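Atoms considered below: every heavy atom in the structure, side chains included; atoms not considered: hydrogens, waters and symmetry mates. Here the structure is a predicted model, which means the values were calculated and not measured.
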Amino acid sequence: MRGYMSVTQKTNQSITKNQTDPALEELVSEAHTLFKALDAASTKIRDLEKRLGEIKAHFPFSYRVCKEDVLNPLDADRAEMHRRHAEPYSYFGYNSYLESNIAWEEDDKSKNFRLFLISRRQEFTVVDFEGDPSECRSPLVDELVFKKPLIETDLATRLKFIEHLHFFIQKFKEHLQRYRISIEEKQIDSFDDTIPF
């Protein structure tokens, strides 16, 4: 008979459908845990923006997360620009970097302060300084590559940078403490100047 399945065949088919690969279960479990962690981190970003916004914490701050070497393009005009910049020293070459920062700064559109991910490409001229190659302190080229609120970045980007949020918060706190202490010291100095003895 066509289409007829025995009870044993139906039972075996049902068991096969209900059996799952343990590796698949582990993958699903790990993905679920990851998404919960990402949700918690996203909540932390939103909470940080909300709470700092409520107190009008308009104190720009940037924390460098990474600085990666970038392969220099073979560009004669660019090399000549660096060669002229190296004068009066001997030109040795130039280095290119992609620097990524988490920054608390004003949004150009809304004028509200937000937590941004900012990436810049920088080129530094390298000169021969007394027989030793030395990179100039300031970049000759400093170009904005990427700027977007961290909460609005794609999943892969947010996952890459979210682990640095704790360090950003710590360094921002230390920055504000130094700023406060500096103001307090200036007030004390100006108060001392007014004492007649």
Side-chain angles (χ1 to χ4, degrees), residues 45 48-49 52 57-154 156-193:
I45 292 169
L48 179 87
E49 286 188 343
L52 290 176
H58 299 165
F59 308 104
F61 177 73
S62 184
Y63 173 69
R64 183 169 70 191
V65 174
C66 62
K67 186 173 182 177
E68 304 169 280
D69 290 337
V70 177
L71 186 63
N72 290 330
L74 296 173
D75 183 340
D77 292 336
R78 186 163 242 122
E80 182 57 33
M81 176 180 69
H82 282 280
R83 184 173 279 109
R84 282 193 309 272
H85 184 253
E87 294 175 358
Y89 299 101
S90 297
Y91 173 70
F92 193 81
Y94 68 98
N95 295 330
S96 297
Y97 304 101
L98 182 65
E99 181 177 288
S100 297
N101 295 273
I102 296 177
W104 174 250
E105 63 180 50
E106 187 177 62
D107 183 1
D108 296 334
K109 295 176 187 172
S110 70
K111 301 303 180 194
N112 294 322
F113 269 63
R114 306 277 313 267
L115 192 61
F116 284 94
L117 175 61
I118 300 173
S119 294
R120 305 189 75 79
R121 191 182 70 77
Q122 298 177 325
E123 291 179 7
F124 292 83
T125 303
V126 179
V127 296
D128 185 352
F129 185 72
E130 298 177 359
D132 193 21
S134 183
E135 198 172 76
C136 293
R137 290 184 184 163
S138 299
L140 181 60
V141 174
D142 188 358
E143 300 171 333
L144 180 66
V145 174
F146 180 87
K147 180 180 179 181
K148 192 171 189 176
L150 185 58
I151 195 69
E152 295 175 13
T153 58
D154 62 73
T157 303
R158 207 169 334 148
L159 282 172
K160 180 178 177 183
F161 289 97
I162 204 71
E163 66 188 57
H164 301 282
L165 191 57
H166 171 75
F167 300 108
F168 168 84
I169 291 169
Q170 182 64 34
K171 293 298 182 185
F172 192 16
K173 180 188 83 168
E174 291 169 7
H175 170 74
L176 293 178
Q177 285 173 335
R178 282 191 304 275
Y179 191 63
R180 177 186 50 79
I181 290 168
S182 173
I183 290 171
E184 290 172 354
E185 287 174 352
K186 286 179 184 174
Q187 289 174 345
I188 290 170
D189 289 343
S190 66
F191 177 73
D192 288 345
D193 291 343

Is there a donor-acceptor contact under 3.5 Å linking the side chains of H58 and E106?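 There is no such pair (donor and acceptor under 3.5 Å, judged by atom type) between the side chains of H58 and E106.
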Give the minimum heavy-atom separation between Y91 and G93, together with the two atoms involved.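 Closest pair (atom of Y91, atom of G93, distance): CE1-O, 3.2 Å.
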Measuring from [X]:[atom1] to [Y]:[atom2], what's the distance to the nearest 0.5 Å?
X    : Y    : atom1 : atom2 : result
E68  : S119 : CD    : OG    : 8.0 Å
S100 : L117 : OG    : CG    : 6.0 Å
L140 : N95  : CG    : CG    : 12.5 Å
L165 : L115 : CG    : CG    : 6.0 Å
R114 : I45  : CZ    : CD1   : 10.0 Å

Please identify each residue that fulfils side chain to side chain donor-acceptor pair (under 3.5 Å) with [X], with sequence neighbours left out.
X    : answer
H85  : T125
D154 : T157
E99  : R64, N101
S134 : none

Counting distance only, does the side-chain N/O of W104 pair as donor-acceptor with the main-chain N or O of A57 below 3.5 Å?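 Checked: pair present.
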Any chance you could lay out the side chain to side chain contact (heavy atoms under 4.5 Å, CB included) test for R78 and Y94, step after step, and finish with the verdict? CA-CA 9 Å; R78 186 163 242 122; Y94 68 98; 3.5 Å; yes
Counting C-beta onward and ignoring hydrogens, is there a side-chain heavy-atom pair between [X] and [Y] closer than 4.5 Å?
X    : Y    : answer
E87  : V127 : no
I102 : H164 : yes
F113 : P60  : yes

Pairs of donor and acceptor atoms involving the side chains of residues 142-149, under 3.5 Å and at least two apart or interchain, shall be tabulated with distances.
{"residue": "D142", "atom": "OD1", "partner": "R120", "partner atom": "NE", "Å": "2.7"}
{"residue": "E143", "atom": "OE1", "partner": "R121", "partner atom": "NE", "Å": "3.2"}
{"residue": "E143", "atom": "OE1", "partner": "R121", "partner atom": "NH2", "Å": "2.8"}
{"residue": "K147", "atom": "NZ", "partner": "E105", "partner atom": "OE2", "Å": "2.7"}
{"residue": "K148", "atom": "NZ", "partner": "E152", "partner atom": "O", "Å": "3.4"}

For the NZ atom on K109, are there more than 12 heavy atoms of other groups (residues, nucleotides or ligands in this structure) within a distance under 6.0 Å?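 Result for NZ/K109: open.
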Under the criterion side chain to side chain contact (heavy atoms under 4.5 Å, CB included), which of T153, D107, I151 is the partner of F116?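 So, applying the side chain to side chain contact (heavy atoms under 4.5 Å, CB included) to F116 and each of T153, D107, I151, only D107 qualifies.
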What do the steps show when you test V141 against M81 for side chain to side chain contact (heavy atoms under 4.5 Å, CB included), and what is the final call? CA-CA 10 Å; V141 174; M81 176 180 69; 3.7 Å; yes
Ring centres under 6.0 angstrom apart (Y97, F124):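 That pair passes the under 6.0 Å test.
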Measure from the ring center of F168 to the ring center of F61 and say whether it is less than 6.0 Å.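 When the ring centroids of F168 and F61 are compared, they turn out to be within the sub-6.0 Å range.
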Can I get a per-line list of side-chain donor-acceptor pairs under 3.5 Å for residues 173-182, giving both atom names and the distance, sequence neighbours left out?
{"residue": "E174", "atom": "OE2", "partner": "Q170", "partner atom": "NE2", "Å": "3.1"}
{"residue": "R180", "atom": "NH1", "partner": "E184", "partner atom": "OE1", "Å": "3.3"}
{"residue": "R180", "atom": "NH1", "partner": "E184", "partner atom": "OE2", "Å": "3.2"}

